Amino acid sequence: TTMCSNKRGALIVVEGVDRSGKSTQCKKLVEALEQANFPAKLMTFPDRTTLTGKLIDDYLKNKDCKLNDQAIHLLFSANRWENVEKMKSLINCGVTLVIDRYSYSGIAFSAVKKVMNLDWCKQPENGLPKPDLVFLLTISLEEMLTRPGFGNERYENMSFQNNVANMYNSLCSDKDNWVKINAAGSIEEVHKKLVDISLNTIREVESLPLKSLYF
Ligand code: NYM
Ligand code: MG
């Protein structure tokens, strides 16, 4: 067994619509934290490498896949649950996790379909590790239009993404661990903000217990 640090790492989540720059920023953030001597690791949801991840990948790629809205919602959630032990052991060993999408993507992308109500969408997320910090990368509808095109996956269209943006905003209101970042700035500008705020959070939570998410 490896030696564990007596300080825990932070759980940092980056959310935002498709094309808001999450993946770029998550990678740069992990590199910057490591360079500042804080062990850090990138995680991505959906994790397409697991059993549930393969079903999710088929669904998103519109392969012949008969999953209804409830079933795919629960699979996205299960895809997080199957990673809980790994997440907790890394965090408790002092590694800061930077996660590209988490429960809020799960809730927002499902709730905008108007098939299941918001409360139903939140329930399967209850009890997952609670993020210490959630960055919401925001871009205006105009800015969204200037970014290179969406791919061919399900949900990758303007009207759906705009509804998701509004849903993120309502999930974000009155949450003190959320920070909205205007993602229209340059990659470096946005990056610098994420690093500064993350370093503060890492120091703040290092001797506090990791909490569980409850909606
Ligand atoms: N997505 C992602 C969901 O609908 N529910 C979830 O729980 C998660 C984590 O999957 N359009 C959607 C949002 C994205 C799509 O994600 C694939 P990515 O980050 O584009 O690979
Ligand atoms: Mg995508």
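All ligand and atom numbering here is 1-based and tracks the order in the structure. Both backbone and side-chain heavy atoms feed into the values below; hydrogens, waters and symmetry mates do not. Bear in mind the structure is a predicted one, so any value in this text is a computation, not a measurement.
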Looking at [Y] and [X], is there a salt bridge between them, counting it only when a charged N and a carboxylate O are closer than 4.0 Å?
X	Y	answer
R101	D18	yes
R147	E143	yes
K54	D58	no

Ring centroid separation Y104 to W178 under 6.0 Å
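They qualify: ring centres under 6.0 Å apart.
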
Out of all atoms in ligand 1, which are within 4.0 Å of some heavy atom of [X]? Include the element for each.
X	result
F45	9 (C)
L60	10 (O), 15 (C), 17 (C)
G106	5 (N), 6 (C), 7 (O)

For N163, give me all partners under side-chain hydrogen bond (donor to acceptor under 3.5 Å, both in side chains), at least two apart in sequence or on another chain.
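With neighbours one apart ignored, the set is empty.
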
Between [X] and ligand 1, does any nitrogen or oxygen pair lie at a separation below 3.5 Å?
X	result
R48	yes
R101	yes
F76	no
R80	yes
D100	no

For the residue pair K41 and L90, establish whether any side-chain heavy-atom pair is separated by less than 4.5 Å.
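With C-beta onward as the side chain, the pair touches.
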
Which residues pass the ring pair (Phe, Tyr, Trp, His ring centres under 6.0 Å) test with F150, sequence neighbours left out?
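Counting only residues at least two positions away or on another chain, F150 forms no ring pair (Phe, Tyr, Trp, His ring centres under 6.0 Å).
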
D18, portion touching ligand 1 at heavy-atom distance under 4.0 Å:
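It is the side chain that touches ligand 1; the backbone stays farther off.
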
